[in-house]
Amino acid sequence: MNSDFVLTACPFCGCGCNFYLQILDSKIVGVIPCNTDEISEGKLCIKGRNADKFIKHKDRLTSPLIRENGQFRQASWQEALDLVSQKLGEIKQKFGPDAIGFLSSAKCTNEENFVLMKLARAVIGTNNVDHCARLCHASTVVGLMSSFGSGAMTNSIPEIENADCIFVIGSNTFEQHPLVASRIMKAKENGAKLIVVDPRRVPLMDFADVFLQIRPGTDVCLLNGLMNVLISRNWINVKFISERTEGFEDLKEKVKEYPPDRIKRITGVAPEDLERAARLYGEAKRAMILYAMGITQHISGTDNVRSCADLAMLTGNVGRESTGVNPLRGQNNVQGACDMGALPNVYSGYQLVTDKQAAKKFEKSWAVKLPSKPGLTVSEMLEAAYAGSLKAMYIMGENPMLSDPDINHVKSCLEALDFLVVQDIFPSETVKLADVVLPASSFAEKEGTFTATDRRVLRVRKAIEPIGESKPDWMIISELAQRMDGRRFDYSSPEDIMKEIATLTPTYSGISYARLDSGEVLTWPCPTPEHPGTKFLHQGEFTRGKGHFIAVDFREPAEMPDEEFPFILTTGRLMFQFHTGTMTRKAPSLEKEASKGFLELNPQDAQRLGIEQGERVVVKSRRGEIEIDTFVSDKVAPGVVFIPFHFAESPANVLTIGELDPEAKIPEFKVCAVNVCKRK
Amino acid sequence: MSDSVLVIGGGIAGIQASIDLANMGFHVYLVEKSPSIGGRMAQLDKTFPTNDCAMCILAPKMFEASQHPNIELLTYSQVEEVSGQVGKFRVKVRRKAPYVDWDKCTGCGECTQTELGEDGFKELNGETWVDRIEIDEQKCIQCGDCVRACVEENNEAQAMTNIAFERRKLVETLPEEKSAKETLMHEIARMDESDRRDFWQKELMKCMKCYGCREVCPLCVCDECEMDDPQWVAPGLVPPDYPLFHLIRAYHLADICVGCGACEATCPAGIPLLTMMHLACLDRDKIFDYVPGLDEQAKKRLIDHLNQHPIAARGVRV
């Protein structure tokens with residue numbers, strides 16, 4: 001009998017907990033919390049505790065599949081990869097490199113994202129590479145980049161404990177980032193004040209000193225109103241504003257247009273509550289802003305983010321410990337996938353593809369000529385496929401058939417493609433549309449690194465051999481690249497890739513496996529091998545020099561309720577499931593807790609429509625309709641309904657709107673107009 | 001009755017007992033004969049059956065014991081005499097001379113690194129140093145190097161002296177009314193029923209339903225768990241309905257809980273689960289007058305009971 005414990009990182013949310021996988025005779029038998037881990041401190045959420053359940057699930061893809069006459073048949077790696085390289089080669093030759101699009105994955109390691117990005121840019125020659133950050137925090141990257149010069153969480157998770165005031169907006173932290181919520185509760189015990197802003201009565205509300213229930217999509221209005229109160233009461237940090245920022249006068253003029261009675265009219269927040277929130281935030285010595293999808297997933301997502309940044313700068317709460325603007329990233333490695341340049345406009349470390357010097361560096365290292373035109377984003381790729389200009393897509397570990405807005409449209413887009421390759425661990429909804437399916441290995445079967453939401457680089461370690469014939473993603477991509485005459489893809493291990501990342505990426509230069517394995521906790525920027533990592537950003541000076549106040553105007557969401565569609569639909573997630581459920585829905589104990597979707601409906605609305613608790617209803621929008629059970633609850637305000645998007649049986653994203661933020665190209669998942677009616 | 005407890009032996013059992021007692025509000029004297037607490041566990045690499053690193057478990061507890069306001073460490077000491085009776089013992093403890101002023105010692109270890117006088121310590125396995133806390137008076141040549149090293153390292157705050165500060169200290173009596181630090185158990189004991197309910201409601205509202213308390217519990221061993229039964233605990237609700245989720249667990253374990261505290265340590269919401277278990281165990285003691293492990297006849301009676309009880313008819317026979 002052989003037993004072992006492998007320290008690895010959790011594959012679910014962005015908190016970045018480490019835990020041990022318990023191995024008995026080369027089989028994973030359990031998850032054991034790691035007491036010495038800085039983030040989890042021996043605690044885990046229910047998803048983390050069940051992180052081993054999907055690995056050995058019978059549905060795992062175990063061999064490459066090729067579609068023939070509408071049916072999948074098993075194939076060898078040789079055959080599948082030959083076919084993919086031949087098809088991609090043909091399309092590249094016939095329609096040019098920009099006819100091929102790549103979706104990278106926030107579930108895969110940094111190394112794998114880097115290699116896919118390299119495949120797209122160096123071998124195919126296109127910048128059409130993107131991933132699901134586009135659907136969650138694209139607006140953060142764009143917004144914070146323009147305000148601060150760096151699009152990442154400014155502070156780290158353990159610092160939350162010592163904050164005096166925590167301002168949570170648009171984040172159901174308790175359910176989505178449990179280990180961050182755990183810190184918030186500790187902070188509360190240390191005497192911190194908590195302000196929660198959300199359209200739903202989220203569980204964190206129970207601990208809040210001030211809870212502001214706003215109408216979905218009115219965040220900019222609320223934040224402007226808050227800043228107006230702060231300025232008029234002089235709860236601002238004049239020294240910080242004059243020394244470290246620019247553009248304050250514009251903001252001051254703009255927020256004057258948002259007096260408390262206008263806030264009341266638009267957001268539904270009473271002036272005295274606004275005043276109380278402003279006082280708590282403005283008078284705190286160390287105040288942190290935490291936000292998530294509720295801020296970003298709007299057509300005004302970038303504006304929302306900039307307003308948050310303005311709020312922090314106004315009170316001087318940036319660049320110190322336990323302060324800052326902290327986007328909580330949803331996926332375990334969505335930060336890393338962005339850092340690695342799996343985005344259409346940047347190389348790794350956010351070096352612009354249009355920057356000649358950066359491009360030269362990469363061209364020299366990869367020995368190829370690189371395209372300089374920024375590529376297409378996720379939503380644009382789908383549109384291009386529909387229009388016929390994009391002929392092939394290579395999707396690694398993503399499930400746009402459940403995660404993207406307006407699924408019916410996504411389906412017709414993907415079906416319009418000549419050639420679709422999907423690399424995944426489970427037969428997801430997207431796999432069903434593929435021409436070639438490549439089975440990948442899960443996090444427990446490979447080496448690599450993840451980057452958690454607070455820029456902390458975590459080691460992922462191999463616990464068991466790959467299941468069936470599956471292979472780690474980096475291996476599949478480099479084999480494919482070598483078939484397509486890609487140069488410098490002869491990696492022997494992910495460590496080789498990390499070495500290459502370190503040479504090409506200034507923020508990761510000092511990060512190596514040796515340092516991580518010796519137990520060092522490294523947060524980028526880490527420019528040299530001696531550098532201890534950067535706990536919080538913008539100390540003394542902003543990355544872009546001076547912090548930039550950007551005055552923004554309130555815009556209504558793209559689709560507002562009307563007579564035909566009188567309800568506002570907002571979507572979100574549950575504690576017990578993760579995103580499209582490809583992994584969590586394989587775990588019996590998670591599935592037991594939440595196995596089907598539901599529609600949260602306010603009791604007033606339910607009474608008016610004569611809908612009973614648990615009744616199955618039809619929800620319609622301009623894009624489609626679904627049937628779903630009702631859950632009558634006062635968590636949502638009258639006129640607002642909520643549906644979790646995990647469940648393929650009642651997919652919320654059939655209803656959502658594909659309208660995009662003009663800068664970040666993030667779709668507006670959080671607001672669309674729907675109608676709820678009884679079943680005929 | 002005195003509010004103080006004396007624990008003899010500073011191994012892992014003694015340390016844990018002291019911490020638990022101290023948390024319950026007792027003033028604890030922890031007597032250990034060697035210069036440091038830690039005992040045998042400090043010499044082990046791994047522990048059975050979880051293969052956990054021994055020092056990783058032990059070190060935080062040692063630290064906690066040393067820093068706890070309710071624990072008074074009497075290391076390098078031995079119990080010489082116990083008199084009196086339950087509720088009021090008188091204990092005589094001999095404190096050996098440590099040659100070190102504990103309040104000043106920074107633990108730098110310089111004193112142990114000094115070269116010793118020529119005739120000094122060749123016998124000691126060829127090594128030329130000894131632990132100065134435990135100087136062998138037969139062999140010490142009083143060269144004073146250790147004191148000089150201490151002065152050099154710590155300047156005026158030197159802790160080492162060639163003459164023991166306190167050769168002997170007798171703890172004649174345990175102080176009668178030493179004010180103990182207020183703990184959660186104290187607080188709860190003072191609450192009336194409705195306050196208690198409010199207190200637990202507030203605490204349990206933090207529950208994230210991770211089932212961690214159940215997962216890590218070394219004594220939760222049932223194949224089927226009542227907590228999985230939807231008629232007791234409704235699936236999908238966060239936080240779970242007050243109070244069944246936690247009450248089921250607490251009372252299911254009341255007769256076997258060993259108070260290891262793993263549930264509290266792993267709770268992401270920081271609910272004081274160990275205190276909850278202590279309370280459940282108190283109820284057990286009061287209602288059934290039964291303390292696990294003390295009644296030698298208990299096992300036999302339980303087996304007899306099970307064999308006669310209707311449950312036996314369902315095929316359960318022990």
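Here is the naming used below: chain letters follow the sequence lines, and residue numbers restart at 1 for every chain.
Within a 6.0 Å sphere centred on CD of B/Gln231, other residues, nucleotides and ligands contribute more than 12 heavy atoms. Within 6.0 Å of NE2 in B/His252 there are 12 or fewer heavy atoms belonging to other residues, nucleotides or ligands. Shown here is B/Gln43, whose CD atom has more than 12 heavy atoms of other residues, nucleotides or ligands within 6.0 Å. For A/Glu612, the CD atom sits in a loose shell: 12 or fewer heavy atoms of surrounding residues, nucleotides or ligands are nearer than 6.0 Å.
Neither the backbone nor the side chain of A/Gln22 comes within less than 4.5 Å of any heavy atom of chain B. With a 4.5 Å cut-off on non-hydrogen atoms, B/Val216 touches chain A through its side chain but not through its backbone. Using a 4.5 Å cut-off between heavy atoms, A/Asn35 makes no contact with chain B at all. For B/Ala265, the part lying near chain A is the backbone, with the side chain staying farther off; criterion is any non-hydrogen pair under 4.5 Å. With a 4.5 Å cut-off on non-hydrogen atoms, A/Pro178 touches chain B through its backbone and its side chain both. For a residue to count as touching a neighbouring chain, one of its non-hydrogen atoms must lie under 4.5 Å from one of that chain's; by this rule B/Asp52 does not touch chain A. The contact between A/Phe207 and chain B is made entirely by side chain atoms (from C-beta outward), counting heavy-atom distances below 4.5 Å.
Atom NZ in B/Lys202 sits 12.0 Å away from atom CG in A/Asp206 (nearest 0.5 Å). To the nearest 0.5 Å, atom CG of residue A/Leu179 and atom SG of residue B/Cys210 are 9.0 Å apart.
Salt bridge annotation for B/Lys206-A/Glu189: present, with a cationic side-chain nitrogen under 4.0 angstrom from a carboxylate oxygen.
Most heavy-atom pairs under 4.5 Å with chain A: of the set B/Cys56, B/Cys267, B/Ala262, B/Pro230, this distinction falls to B/Cys267. The candidate from A/Arg183, A/Met575, A/Arg49 with the greatest count of non-hydrogen atom pairs under 4.5 Å with chain B is A/Arg49.
Minimum interatomic distance between B/Met208 and A/Ala181 (heavy atoms only, all atoms of both residues): CE-CB, 3.7 Å. What you find for B/Gly236 and A/Glu593 is that their closest heavy atoms are N-OE1, 2.8 Å. In plain terms, the two heavy atoms of A/Ser3 and B/Asn51 that are nearest each other are OG-ND2, 4.0 Å. Contact detail for B/Leu237 and A/Phe631: the closest heavy-atom pair is CD2-CZ, 4.5 Å. Across all non-hydrogen atoms, the minimal contact from B/Tyr211 to A/Lys592 is OH-NZ, 3.4 Å.
Between the side chain of B/Thr266 and the main chain of A/Gly42, a donor-acceptor pair closer than 3.5 Å is present.
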